[in-house]
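Heads up, the thing below is written out as structure tokens.
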Amino acid sequence: MADMLEYKCPCCGGAINFDSKLQKMKCPYCDTEFDMETLKSYDEDLKKNTQDNMNWDNSNEQTFTDEETEGMSVYVCNSCGGEIVADENTGATSCPYCGNPVVLKGRFSGDLKPDYVIPFRLTKEDAIKALSNHVNKKLVPKIFKDKNHIDQIRGMYVPFWLFDADTEAHIQYKGTKVRHWSDSSYDYTETRYYLVGRGGNVGFTNVPVDGSSQMPDDLMESIEPFNFNEAVDFQTAYLAGYLADKYDVTKENSINRANQRIKNTTEQLFRETASEYSSLMTQSSSVQFQNGTSKYALYPVWILNTSWNGQNFLFAMNGQTGKMVGDLPVDWGAFWRYFAIIAGSIAAVIIIIGLLYNLL
């Protein structure tokens, strides 16, 4: 059995959670509150505790094969004695029998210990409200708004690698400037071509790359940005009451994605300095990286799963800012009706302009 860390209230013995509204630990039974600094020494005492050694005669029992148990860990709940089976990347969870929040010891130690954590600011109720606002959009089928139901809500700390780098870039574009005019006889178009050069330096800090293979990268990038100014030094107490994963995508395997994000942003920033051109086509691009460093952090995310009409829909909400993203079904009947209204309005405007032109 692996070790498990559970935060108990010194006053009543109940399991305590991190309260995102108070930004403190709070006991749900006696309402006692604890700030994070107070829990540091308490945390050290908890880590020194060992589990009872209980041995049973299992000679007649069948066991799982190595292939069946690969990637699994088993824990014993300190409160009720129930067994918790967890994925090898799970760092915090709750007991399925008594519901107490637990942190799995050893999951965040050594090289696996995060440097920083951004605590949850928003609650499960905030996530449910945000999802309701998200699905109540014009082109979403009404039956989906009424009949879809939430199968699962999870407040999860997702592992991220954060990259800092300075870039020096030199980019050349093929640019055009197009001018249109008319006289009484003809319509004219003039196109001029330019070789456009841009160069300079850009600094980047805390460029995030999702460190969990189970989280879709595009979903995690869609709920950005996170405000790193609210990040604090990592303590396991922040995980109590939430799920948490340790990274299973290494820093080395995340570098290419960070490089591509930094390169794309650099090129986009330089492109925006040439907005006077009608079009720009990149001819050559050289982006050099310097002073690259990285750190490891846990970011707060609410994950919501809903089902409707035999389909599963995944949504994610930034647990700090409340930004909600996720795919929605489209009411194509409403779409085409809306399109017809827009098209009809445009046609009416064109007709009116034509009539005015003839009158003039």
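Worth knowing before you read on, the calculation uses all heavy atoms, side chains too, and leaves out hydrogens, waters and symmetry mates.
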Original post:
Would Tyr157 and Phe120 count as a close aromatic pair, with their ring centres under 6.0 Å?
Top reply: yes
As an exercise, state the distance from [atom1] of [X] to [atom2] of [Y], rounded to the nearest 0.5 Å.
{"X": "Asn229", "Y": "Asn206", "atom1": "CG", "atom2": "CG", "value": "9.0 Å"}
{"X": "Asp248", "Y": "Met215", "atom1": "CG", "atom2": "CE", "value": "10.5 Å"}
{"X": "Glu221", "Y": "Arg257", "atom1": "CD", "atom2": "CZ", "value": "4.0 Å"}
{"X": "Leu162", "Y": "Phe204", "atom1": "CG", "atom2": "CZ", "value": "14.5 Å"}
{"X": "Arg154", "Y": "Asn305", "atom1": "CZ", "atom2": "CG", "value": "5.0 Å"}
{"X": "Asn318", "Y": "Ser222", "atom1": "CG", "atom2": "OG", "value": "11.5 Å"}

Let me check something: do [X] and [Y] share a hydrophobic cluster, defined by ILVMFWY side-chain heavy atoms less than 4.5 Å apart, either directly or through other members?
{"X": "Leu22", "Y": "Leu239", "result": "no"}
{"X": "Val249", "Y": "Leu298", "result": "no"}
{"X": "Tyr173", "Y": "Val178", "result": "no"}
{"X": "Met281", "Y": "Tyr194", "result": "no"}
{"X": "Ile128", "Y": "Met317", "result": "yes"}

Can you see which heavy atom on [X] is nearest to which on [Y], and at what distance?
{"X": "Ala165", "Y": "Ile262", "value": "CB-CD1, 4.2 Å"}
{"X": "Gly326", "Y": "Phe315", "value": "CA-CD2, 3.5 Å"}
{"X": "Pro216", "Y": "Leu314", "value": "CG-CD2, 4.3 Å"}
{"X": "Ser20", "Y": "Thr123", "value": "OG-CG2, 3.4 Å"}
{"X": "Ala169", "Y": "Thr266", "value": "CB-CG2, 3.7 Å"}
{"X": "Leu304", "Y": "Ala127", "value": "CD2-O, 3.9 Å"}

Original post:
Are Glu168 and Asn201 close enough, and set up right, to give a side-chain contact (heavy atoms from CB on, under 4.5 Å), and what steps lead you there?
Top reply: CA-CA 4 Å; Glu168 181 180 350; Asn201 299 288; 3.3 Å; yes
Can you confirm whether [X] sits close enough to [Y] that some side-chain heavy atom of one is under 4.5 Å from a side-chain heavy atom of the other?
{"X": "Asp183", "Y": "Tyr188", "value": "yes"}
{"X": "Arg179", "Y": "Ser278", "value": "no"}
{"X": "Glu272", "Y": "Leu269", "value": "yes"}
{"X": "Asn227", "Y": "Gln320", "value": "yes"}
{"X": "Tyr242", "Y": "Trp302", "value": "yes"}
{"X": "Glu33", "Y": "Asp19", "value": "no"}
{"X": "Asn253", "Y": "Tyr247", "value": "no"}
{"X": "Val209", "Y": "Lys251", "value": "no"}

Subject >> For Ser279, all residues meeting side-chain hydrogen bond (donor to acceptor under 3.5 Å, both in side chains), sequence neighbours excluded >> reply: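 Result, side-chain hydrogen bond (donor to acceptor under 3.5 Å, both in side chains) vs Ser279: Thr176.
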**OP:** Kindly indicate, with the supporting measurements, whether the criterion side-chain contact (heavy atoms from CB on, under 4.5 Å) is fulfilled by Tyr296 and Lys246.
**Re:** CA-CA 10 Å; Tyr296 174 33; Lys246 68 178 180 66; 4.0 Å; yes
Original post:
Are the side chain of Thr167 and the backbone of Val202 linked by a donor-acceptor contact shorter than 3.5 Å?
Top reply: yes
Crowding at [atom1], [X] (>12 non-hydrogen neighbours, <6.0 Å):
{"X": "Lys323", "atom1": "NZ", "value": "yes"}
{"X": "Lys295", "atom1": "NZ", "value": "yes"}
{"X": "Lys177", "atom1": "NZ", "value": "yes"}

Original post:
Can you list the steps and then say if Thr205 with Asp164 is a side-chain hydrogen bond (donor to acceptor under 3.5 Å, both in side chains)?
Top reply: CA-CA 4 Å; Thr205 58; Asp164 300 347; 5.1 Å; no
Original post:
Side-chain donor-acceptor pair under 3.5 Å between Gln260 and Asn264, yes or no?
Top reply: yes
Subject >> Trace of the salt bridge (charged side-chain N to carboxylate O under 4.0 Å, His left out) decision for Glu125 with Lys21 >> reply: CA-CA 12 Å; Glu125 290 70 26; Lys21 294 292 187 184; over 6 Å; no
**OP:** Kindly indicate, with the supporting measurements, whether the criterion side-chain contact (heavy atoms from CB on, under 4.5 Å) is fulfilled by Leu131 and Met324.
**Re:** CA-CA 7 Å; Leu131 178 63; Met324 170 74 72; 4.0 Å; yes
Original post:
So Asp210 and Phe160, side-chain contact (heavy atoms from CB on, under 4.5 Å) or not? Walk me through it.
Top reply: CA-CA 5 Å; Asp210 169 22; Phe160 279 85; 4.1 Å; yes
Original post:
Is it true that the NZ or CZ of Lys113 lies under 6.0 Å from the centre of Phe234's six-membered ring and within 45 degrees of the ring axis?
Top reply: no
Original post:
In terms of side-chain geometry, is the basic nitrogen of Arg261 or Glu224 positioned less than 4.0 Å from the acidic oxygen of its partner?
Top reply: yes
Subject >> Matching residue for Ser285 among Glu267, His170, Gln172 - test: side-chain hydrogen bond (donor to acceptor under 3.5 Å, both in side chains) >> reply: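 Going through Glu267, His170, Gln172 one by one, the side-chain hydrogen bond (donor to acceptor under 3.5 Å, both in side chains) with Ser285 is satisfied by Glu267 alone.
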Original post:
In this structure, which one of Val325, Thr321, Val158 forms a side-chain contact (heavy atoms from CB on, under 4.5 Å) with Ile223?
Top reply: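 It is Val325; the other options fail the test.
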